[in-house]
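Report on the following structure.
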Amino acid sequence: MSASSSAEKSIAPAQARALQLAAQGLLQSPRRRARREDVLITIQRMRLLQIDSIHVVARSPYLVLHSRLGSYPQSWLEEALEAGRIAECWAHEACFVAATDIGFHRAWRTQYESKHWADKHAARTRDANLADMQALLERVRNSGPVRASDFERTDRGASGWWEWKPEKRWLEAWFASGELMVTRRERFQRVYDLAERVLAKLDPAFDPSLLTWTHAELRKRFILDSVRALGITQARWIADYFRLKPTVDETELAPLLASGELLSVPVTGWNSRAYVHRDHLGLLEKARDGRLRATHTALLSPFDPLVWDRARLREMFDFDYSIECYLPEAKRKYGYYVLPILHRGRLIGRLDAKAHRAEGVFEIKALFLEEQVEPTPRLLQELAQTIADTAAWHGTPKLKLGRCRPAAVASALRACWRG
C-alpha cells in the first residue's frame with residue numbers, strides 16, 4: 001500500500017493513542033534488560049529529554065528513562081554526557097539531546113527568531129553585568145571547568161528558587177547564549193566549560209556546517225522531528241515540542257504533505273486533520289489494523305513528553321493534568337509531585353509520591369484512579385508491580401501507602417505487595 005493511500009483511511013482515537021505511545025517508546029514493556037546504549041537510543045527517539053531538578057522522587061530525566069527502559073543505573077545518563085554522546089541545551093526547556101542534534105540547537109539559539117525566554121533572560125543578564133561576566137568567562141578559559149558551588153555566596157539572606165548567586169546567573173546566561181556548555185554533572189550539578197572544548201569531545205564529532213542552516217531550514221527540521229517524536233499530532237500541538245514561534249499551522253505543513261515527508265490522516269471525532277511522519281508509515285498501518293497492542297504500565301514524570309502539553313493530553317487521552325508543586329498547598333487538588341499512571345494505552349490515574357532515601361521508603365501519599373476506571377484484578381496487580389519496581393529501582397523498596405480513591409484500592413494493592 002502506498003503512503004498516500006494508507007494515509008487516506010481514517011483511524012480511531014484509540015489507534016491514534018497507540019501510535020503515539022509506540023513512537024514515544026511507551027506502548028509495550030521492555031522485552032530485555034536495559035543496556036547502556038539504550039539511554040542514547042531513547043533520547044534520539046524522543047529527540048530530547050527535559051531536565052528538572054525537583055527530586056521528591058527521582059529527578060525527571062531519570063524517571064522518563066525508567067518509564068521506557070525499566071531498571072537501569074542512573075549513572076548511565078551522566079556517563080553519556082561526559083563521554084560526549086549527549087549534550088545539554090535549551091530546547092523545549094533545558095534538555096539533553098543527542099550529540100548529532102546539538103548543532104541544530106546551537107544554530108537555532110544564535111538566531112533572534114528563536115525568541116525563547118532563556119535567550120531573552122541571558123541578554124538582559126549580559127547587559128547588566130557584562131564586565132563581571134567577561135571576567136568569569138576568562139577564568140573558565142584559563143583555569144578550566146567550574147561549578148556554581150565553586151563560588152562562595154556573599155548575600156546569605158537571599159532565598160527562593162530564582163534567588164541564585166550572581167555567578168550562577170552569569171554561568172547560566174553564558175550557557176543559554178552558547179559560550180559555555182555543560183561538560184559533565186557532579187551530583188547533578190552542572191560543570192561548565194568553554195563550548196569549544198565541549199564540542200571538541202562530542203561523539204560523533206560536531207559538524208560546524210550545521211551552523212550555516214537558515215532559519216527556515218532549521219524550523220522545518222524541528223517540525224519534522226516533532227511530528228516523528230509524537231507519532232501522530234494535530235498542527236496546533238507541534239510548536240510546543242521545541243517551543244517554536246509562531247505556532248505551526250496547516251498552511252505551513254502543506255509543502256511537507258506535497259513532498260511526502262508528512263502524511264495526513266483523518267482521526268474519527270477530531271475536527272482537525274492529524275499528521276504522521278513518513279518514517280512511521282509502518283506504525284500507522286499497524287495501528288489501523290489493530291496490531292499495536294498496548295501492554296505497558298508505568299509511572300510518568302510530570303515533565304514527560306507524553307504529558308507536558310496539557311491540551312494535547314486532554315484531547316488524546318481524555319486526561320486533565322497539571323503540575324501542582326508550583327501551587328500553594330491549599331490550592332493543590334492531588335498533591336505536590338503527582339505522577340500520571342499509564343496502563344495499557346490509557347492514563348488511568350495519578351499518585352502523589354515522595355521518596356525517603358535515608359529510610360529506604362517510597363511513600364505514596366495519595367493515589368487516585370479516574371472515575372471511569374474499573375480497578376480490575378489485572379489492573380491492580382500490574383499497578384502494584386509497577387510501583388514496587390519503581391521503588392526498588394529508586395533504592396527505596398519499602399512501600400508506604402496513604403489514602404486511595406476508590407478507598408478499596410488500598411487494601412487490594414497491599415495484598416498484591418504481600419503476595
Backbone of A12 reached by a side-chain donor or acceptor of Q15 within 3.5 Å: yes
Where at least one partner belongs to residues 256-304, residue pairs that pass ring-ring contact (aromatic ring centres under 6.0 Å, His included), sequence neighbours excluded: W237-W270
Check: E370 and D318 side chains under 4.5 Å, non-hydrogen atoms: no
Between T376 and E374, a side-chain donor and acceptor under 3.5 Å: no
Q234 versus R312, side-chain donor and acceptor atoms under 3.5 Å: no
Single hit among R109, R124, Q111 for side-chain hydrogen bond (donor to acceptor under 3.5 Å, both in side chains) with D119: R109
side-chain contact (heavy atoms from CB on, under 4.5 Å), paired with M316, selected from L21, I232, L306, L230: I232
Over-ring placement of R350 relative to F319, 6.0 Å and 45° cut-offs: yes
S322 side chain to K333 side chain, donor-acceptor N/O pair below 3.5 angstrom: no
By side-chain hydrogen bond (donor to acceptor under 3.5 Å, both in side chains) - contacts of E88 (at least two apart): R185, R190
Taking every non-hydrogen atom, the tightest pair across Q24 and A229: NE2-O, 2.9 Å
Pairwise side-chain contact, T396 with V361, heavy-atom cut-off 4.5 Å (strictly under): no
Using a 3.5 Å cut-off and no angle test, enumerate the donor-acceptor pairs between side-chain atoms of residues 335-343 and protein atoms at least two apart in sequence or in another chain.
residue: H343; atom: ND1; partner: T297; partner atom: OG1; Å: 2.8

Crowding at NZ, K168 (>12 non-hydrogen neighbours, <6.0 Å): yes
Test item: W174 side-chain N/O and M133 main-chain N/O as donor-acceptor pair under 3.5 Å: yes
CA sep, side-chain torsions, deciding dist, call: R47, Q44, side chain to side chain donor-acceptor pair (under 3.5 Å): CA-CA 5 Å; R47 310 312 298 177; Q44 289 173 323; over 6 Å; no
Donor-acceptor contact present, side-chain K201 to main-chain E82, <3.5 Å: yes
E329 atom CD, neighbour heavy-atom count above 12 within 6.0 Å: no
Minimum-distance pair of heavy atoms, taken over all atoms of V373 and R346: CG2-NH1, 4.3 Å
Any side-chain heavy-atom pair of H356 and K398 under 4.5 Å: no
Mutual orientation of the aromatic rings belonging to W308 and H92 [parallel < 30°, tilted 30-60°, perpendicular > 60°]: parallel
D289 side chain vs R291 backbone, donor-acceptor pair below 3.5 Å: no
Crowding at NZ, K400 (>12 non-hydrogen neighbours, <6.0 Å): no
Y192 and M181, any side-chain heavy atoms less than 4.5 Å apart: no
Closest non-hydrogen atom pair, L256 against S259: O-OG, 3.1 Å
D127, CG: over 12 other non-hydrogen atoms inside 6.0 angstrom: yes
Side-chain donor or acceptor of E217 paired with backbone N/O of T214 under 3.5 Å: yes
Parallel, tilted or perpendicular: rings of F368 and Y334 (30°, 60°): perpendicular
Exercise: do E93 and W117 side chains pair donor with acceptor under 3.5 Å: yes
Q189 side chain to R187 side chain, donor-acceptor N/O pair below 3.5 angstrom: no
Parallel, tilted or perpendicular: ring planes of H215 versus W108, cut at 30 and 60 degrees: parallel
Sole candidate of L171, L136, V146 that passes side-chain contact (heavy atoms from CB on, under 4.5 Å) when paired with L180: L171
Other residues, nucleotides, ligands: >12 heavy atoms within 6.0 Å of R293 CZ: no
Aromatic plane relationship, F222 with H105 - under 30° parallel, 30 to 60° tilted, over 60° perpendicular: tilted
Side-chain (Y72) to main-chain (Y62) donor-acceptor, under 3.5 angstrom: yes
Check: L48 and I43 side chains under 4.5 Å, non-hydrogen atoms: no
